[in-house]
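As the structure is a prediction and not an experimental result, all values here were calculated from the model.
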Amino acid sequence: QVQLVESGGGLVQAGGSLRLSCAASGNTICISTMGWYRQAPGKEREVVATITSGGFTTYADSKEGRFTISRDNARNTVYLQIDGLKPEDTAVYYCNTEPWHAHICRNEHPSWGQGTQVTVSS
């Protein structure tokens, strides 16, 4: 399995920026897509952005622009740059990986980190 550790969250003023990091370890050869999700109090977890091993990115509606996802395959790390933070961005941000549908990865499952708290004050 893959283990994930997020970092970079914190308390920031509205309009500020943060760069979240997620380092993967374990069976990293089986990592296909990596992504960032977030969950606010009383809300369901939602996708923010995803990125494939080839660097193709997708963003949730209204996220493209302020949010930028990137990936360093050599370091097994995915990043999320957030600019122009708003109070509604306050949430726990989680890193996620999806495995390749390959024989060698047949026992792998999606992995989740413990999350990093982002709090935006006005």
Should [X] and [Y] count as side-chain neighbours, where that means a heavy-atom distance under 4.5 Å?
{"X": "Gln1", "Y": "Ser111", "answer": "yes"}
{"X": "Val2", "Y": "His109", "answer": "no"}
{"X": "Val92", "Y": "Thr116", "answer": "no"}
{"X": "Asn76", "Y": "Ser25", "answer": "no"}
{"X": "Ser53", "Y": "Arg71", "answer": "yes"}
{"X": "Glu46", "Y": "Gln39", "answer": "no"}
{"X": "Pro110", "Y": "Asn96", "answer": "yes"}
{"X": "Ile69", "Y": "Tyr59", "answer": "yes"}

If you look at every heavy atom in [X] and [Y], which pair is closest and at what distance?
{"X": "Arg38", "Y": "Tyr93", "answer": "NH1-OH, 3.0 Å"}
{"X": "Ser121", "Y": "Gln13", "answer": "OG-NE2, 3.3 Å"}
{"X": "Leu4", "Y": "Cys95", "answer": "CD1-O, 3.6 Å"}

Report yes or no: is the cationic atom of Arg19 (NZ for Lys, CZ for Arg) closer than 6.0 Å to the six-membered ring centre of Tyr79, at no more than 45° off its axis?
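Judged by the rule (NZ or CZ under 6.0 Å from the ring centre, within 45° of its axis), Arg19 counts as positioned above Tyr79.
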
Does Arg106 count as lying over the ring of Trp100, i.e. NZ or CZ under 6.0 Å from the six-ring centre, within 45 degrees of the axis?
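Not flagged: Arg106 not positioned over aromatic ring of Trp100.
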
Side chains of Tyr37 and Arg45, donor plus acceptor under 3.5 Å
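Result is no, nothing qualifies.
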
May I have the step-by-step check of side-chain hydrogen bond (donor to acceptor under 3.5 Å, both in side chains) for Ser7 and Ser21, ending in yes or no?
CA-CA 5 Å; Ser7 62; Ser21 299; 4.5 Å; no

Euclidean distance, Ile51 CD1 relative to Asn73 CG, rounded to 0.5 Å:
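Result: 8.0 Å between the selected atoms.
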
Go through Leu20 and Val118 one step at a time and tell me if the side chain to side chain contact (heavy atoms under 4.5 Å, CB included) criterion holds.
CA-CA 9 Å; Leu20 309 183; Val118 172; 4.1 Å; yes

Chi angles and distances behind the ring pair (Phe, Tyr, Trp, His ring centres under 6.0 Å) call for Phe67, Trp36:
CA-CA 10 Å; Phe67 293 76; Trp36 285 97; over 10 Å; no

Would you say Gln117 has more than 12 foreign heavy atoms packed within less than 6.0 Å of its CD?
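Above 12, so yes.
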
Evaluate whether atom CG of Leu11 has more than 12 neighbouring non-hydrogen atoms of other residues, nucleotides or ligands under 6.0 angstrom away.
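Check passes, neighbour count above 12.
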
Which pairs of donor and acceptor atoms, one on a side chain in residues 27-34, lie under 3.5 Å apart (sequence neighbours left out)?
| from | atom 1 | to | atom 2 | distance (Å) |
| --- | --- | --- | --- | --- |
| Asn27 | ND2 | Glu108 | OE2 | 2.9 |

